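Predicted model, so just to flag it, every value in this text is computed and none were measured.
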Amino acid sequence: MAEAADFQGTSPSPAHRWLRRTGALLAGAPLLAGVLQLPASPAAHAAETAAVAAASGSRTVDVSLDSLSPSAPTDGDTITVSGSITNKGKQTVTDAHVGLRVGSALSGRVAIDDAAERTGFQPGLDPLEVGGKYVQKFSELPAGVSQRFSISVPVKDLDLGSDGVYQLGVSLSGQTSAEPWEHVLGIERTFLPWQPEAVDKRTKTTYLWPLISTVHLRAETGSDAQQTPVFQNDDLAKEITPGGRLDQLLALGGDLDVTWVLDPDLLASVDAMTRNYQIKDGDTMTAGKNQAVAKEWLDKLEKTVSDKEVVALPFADPDLASLAHHGKNVGDSLGHLKDATAVASDTVDTIIHVKPETDFAWPVDGAIDPSIVKVATSAGADKVITRSDSLRETGGLTYTPNAARPIGGGTTAVVADARLSTEFQGDLTKPENSTSAVQEFLAQALALNLQEPNDQRSIVVAPQRMPSVSQAQTMATAVKALQNGNWSDTQGLSAAAKAKPDPDATTRIPSADSYPSSLKKQELQREDFETIQETQRSLDNFTVILTDKSRVVTPFGRAMDRGMSTSWRGRATQGKTFRDGVKNYLEDLTGLVKLIRKSDAKLSGRSATIPVTVQNNLVQGVHHLVLRLTSKQPTRLKIGNGAYDEQPIQVSGEHSQSVKFTTSAKANGPVTVSAQLFTEDGQAYGPDVRFEVKVTEITPTVMLVIGGGVLLLVLAGFRMYTQRKRAAARQAEEERENAPDTEGGTDAEVTDENGKNGKAGEDGVNSLNGHAAGTVDTVEDTERSKDGPDGESTAEHGADAPEHPSDPAPDTAPESTDPSGTGERVDR
């Protein structure tokens, strides 16, 4: 039963370790009591003990084990152990030597954990020295001084027994002036996996080799046809330069049989560097110069993975746990995850010509809960890479089960072994740390195989996402040794996911309460996803008006994916700066299509036209826009036939367009007018432009002057008519008086042949009167002929005359498409 915890994929808990150490202290209590019976005062004894501890003890000398070769020896091999010893005490160590100690085989994975935690020398637990000629002697080791050592010993002289994992101790023994007898002054332990013959059932091991980086590209691109990419800095060039982190990962992984896990954003970013690119530092823009380096790295990557299994994560490696805990209910955050998944395969295939697997989801550190699994599978993945310290074994198994577990809904959990997956974290720049990690990794792998030697199992190792150079080098050393060993075979991730699940293995997804608080503290928060949502809303509104949407949709879509990247964990400030930068840059772009501001204007008359100018500073044209001009007081000033009027807008790239609206004034006074752009679906685009129109000539005084003018015209016409009428009458009278008598006498003397007097005279008068009346009519008709058809004077119908007598001549300039100036008068 002591081995039970061994197979749950976890290290002993802190409480377990505390209980074990407490038991050791209690077991040593009788010995301590015996020591306290010595005839010395407690104070004197304490002082003596402190002095001895300062001068000697099993931790006086620091033993550093820098290399062990070969890592997994077989028959006929000679082991070489190298390192250094450093005197940390205050006294010189004399008559010292370094020796090797090999004990019996450890009983399992938990025993390996326990041995790894021990520090000082413990008689009875630590074995005796191999001794003999396999020691290296030092006559003295002064305080603060370090010395190198190297010991080689044939495996046959180590007296190793059956197959298994052995603890290998390297100790320094010597004496000091305070303790002038030989005893152990320092010890370092490691593990020696011993499997000289190939086993019948090798463990099938899948090792994930991640090529993932942080976000490097900005949302900003050049305005040229190629849309020159802009980088935040030149750090990516440093990573892919020979000797850089990504270059080392690529080179090291090329010598191994591993499953490559790629972030498509990394490939897209390096691909962007193969052409012209810019680096923006503050307000300074400089040209990138690492095109050759980028081309070489991509070429090596393509050749390296051409015949290997490649898994593509969603674009920019979205933080699935953050989405599940804070973002899934904000806008279309899950839609971004689907888009990031959809473009992953095409990105990888286009750049390195490999068709990747895209049905795997990989939450941070493999930690899952129901909401994380739900989000992870929402974008199409049906396999979730988790870890055994998250999906813990609860069935009391005495062995580590296969990685594949059905967890419901057609989803498979691929459970990576926690011990093996976390072995290469921390500072591995020190050789002693690196060597220790390699040996413990191999020890745990062999112990796992020996649990059920007759059953073949599929195991997955999922290390940290972005290993450092030293971590990658250590990983490569361990994986190469494992693949050259006698107990493990390589297997791809897809094969591991298809392996037959162990019927007794745990399949229950842990609750949300079990999610590690240390990981939860690093998650993106709700406000981060709200910023992305605001950016998406602005993008949707912007693309409606564009004639070439792809120039904006693609770079901003990918930028929002980067805003949700797992790489922002532990870098909250940088993540916020990036997301705000994407949002602000989009606002700058949308602001390039705008209304030109207008100054207040004057309207001199009843009607006029008001020009409004739309400016497009984008390199592409815009359409599907509507410009609305609105009067805030339509009872005083109408736009068109009502309170507002609209006109469709279409402007070519880097051009402006002026639109004229007809207005009519009903009363004098200032009127606020608002111009606003809208998309065709009714969404306001950009801020409105407000200005004031002053109606200045519709006043009572003006109306009185106009009315008086009309009255004078009427009176003048009547007087002219009267004068002409009188003149016509006088002329007729004179003609009558001077007319000759047709019978030789006057009319009064005319008689007809019947003797009737006055008849001819009457007829004559009537005839003259009739002539006189006709003359006046003729004169009147002549006057009328000077008037228009409605009696108006033709002089009043010139080309420039007002439409109505009350309308004065225009006092505004001709129509202009230029923006209104200060104090301008509105064009008619």
Side-chain angles (χ1 to χ4, degrees), residues 21 24-25 27-28 31-32 34-35 38 40 44-68 79-104 114-153 157-158 166-192 430-436 439-440:
R21 291 169 181 170
L25 289 174
L31 177 62
L32 179 61
V35 172
L38 294 174
H45 176 75
E48 181 180 355
T49 302
V52 171
S56 62
S58 62
R59 302 178 191 179
T60 301
V61 176
D62 177 56
V63 179
S64 175
L65 180 58
D66 297 341
S67 69
L68 191 159
I79 296 175
T80 299
V81 179
S82 301
S84 63
I85 51 175
T86 304
N87 186 353
K88 297 290 187 179
K90 297 181 179 179
Q91 298 180 358
T92 298
V93 176
T94 59
D95 297 327
H97 69 271
V98 175
L100 303 181
R101 297 171 182 268
V102 179
S104 59
D114 292 343
E117 291 181 353
R118 291 168 54 199
T119 54
F121 179 75
Q122 298 180 14
L125 292 178
D126 286 301
L128 299 176
E129 281 187 353
V130 175
K133 59 182 179 181
Y134 304 119
V135 297
Q136 183 170 344
K137 296 182 179 181
F138 298 89
S139 58
E140 65 176 15
L141 185 64
V145 174
S146 296
Q147 294 284 346
R148 298 288 304 173
F149 71 87
S150 179
I151 300 175
S152 296
V153 56
D157 292 338
L158 295 179
Y166 292 82
Q167 183 175 340
L168 174 64
V170 181
S171 62
L172 180 132
S173 301
Q175 55 186 328
T176 64
S177 59
E179 294 179 323
W181 61 87
E182 182 178 291
H183 58 288
V184 176
L185 296 173
I187 188 170
E188 179 67 19
R189 300 176 184 84
T190 189
F191 302 98
L192 190 65
K430 296 179 179 180
E432 59 179 318
N433 294 343
S434 177
T435 299
S436 175
Q439 296 307 126
E440 188 166 348

Compare all side-chain heavy atoms of [X] with those of [Y] and state whether any distance is below 4.5 angstrom.
X: Leu158; Y: Val130; result: yes
X: Val145; Y: Thr86; result: no
X: Thr190; Y: Val81; result: no
X: Ile85; Y: Phe138; result: yes

I need the [X] [atom1] to [Y] [atom2] distance, nearest 0.5 Å.
X: Thr94; Y: Gln175; atom1: OG1; atom2: CD; value: 4.0 Å
X: Leu185; Y: Asn87; atom1: CG; atom2: CG; value: 8.0 Å
X: Leu100; Y: Leu192; atom1: CG; atom2: CG; value: 10.0 Å
X: Asp62; Y: Leu172; atom1: CG; atom2: CG; value: 10.5 Å

task: Quick one: which residue pairs count as a salt bridge (Lys or Arg N to Asp or Glu O under 4.0 Å) with a foot in residues 167-176, not counting sequence neighbours?
output: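 Every candidate salt bridge (Lys or Arg N to Asp or Glu O under 4.0 Å) pair involving residues 167-176 fails, so no pair, neighbours aside, qualifies.
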
Side-chain (Thr435) to main-chain (Pro431) donor-acceptor, under 3.5 angstrom: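 At least one qualifying donor-acceptor pair exists.
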
field: side-chain hydrogen bond (donor to acceptor under 3.5 Å, both in side chains): pairs with one or both residues in residues 125-138, sequence neighbours excluded
entry: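 As it turns out, the side-chain hydrogen bond (donor to acceptor under 3.5 Å, both in side chains) pairs with a partner in residues 125-138, which skip direct neighbours, are His97-Glu129, Arg118-Asp126, Asp126-Arg189, Tyr134-Asp157.
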
Those residues that, when tested against [X], pass side-chain hydrogen bond (donor to acceptor under 3.5 Å, both in side chains) (two or more places apart):
X: Ser139; answer: none
X: Ser82; answer: Ser150
X: Gln147; answer: none
X: Ser152; answer: Thr80

message: Applying side-chain contact (heavy atoms from CB on, under 4.5 Å) to Thr92 and Leu141, what does each step give before you reach the verdict?
response: CA-CA 6 Å; Thr92 298; Leu141 185 64; 5.7 Å; no

Any idea which heavy atoms bring [X] and [Y] closest together, and the distance?
X: Val135; Y: Gly132; result: CG2-O, 3.6 Å
X: Val63; Y: Val170; result: CG1-O, 3.6 Å
X: Thr119; Y: Ile187; result: O-CG2, 3.4 Å
X: Phe191; Y: Gln439; result: O-NE2, 2.8 Å
X: Ser173; Y: Val184; result: OG-CG2, 3.7 Å
X: Val98; Y: Ile151; result: O-CD1, 3.3 Å

Residue list, side chain to side chain contact (heavy atoms under 4.5 Å, CB included) with Ser177, at least two apart or on another chain: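 Expected list: Gln91.
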
message: Please enumerate all residues that pass side chain to side chain contact (heavy atoms under 4.5 Å, CB included) together with Ser84, with sequence neighbours excluded.
response: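 If we apply the side chain to side chain contact (heavy atoms under 4.5 Å, CB included) test to Ser84, skipping adjacent residues, the hits are Ser64, Asp66, Arg148.
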
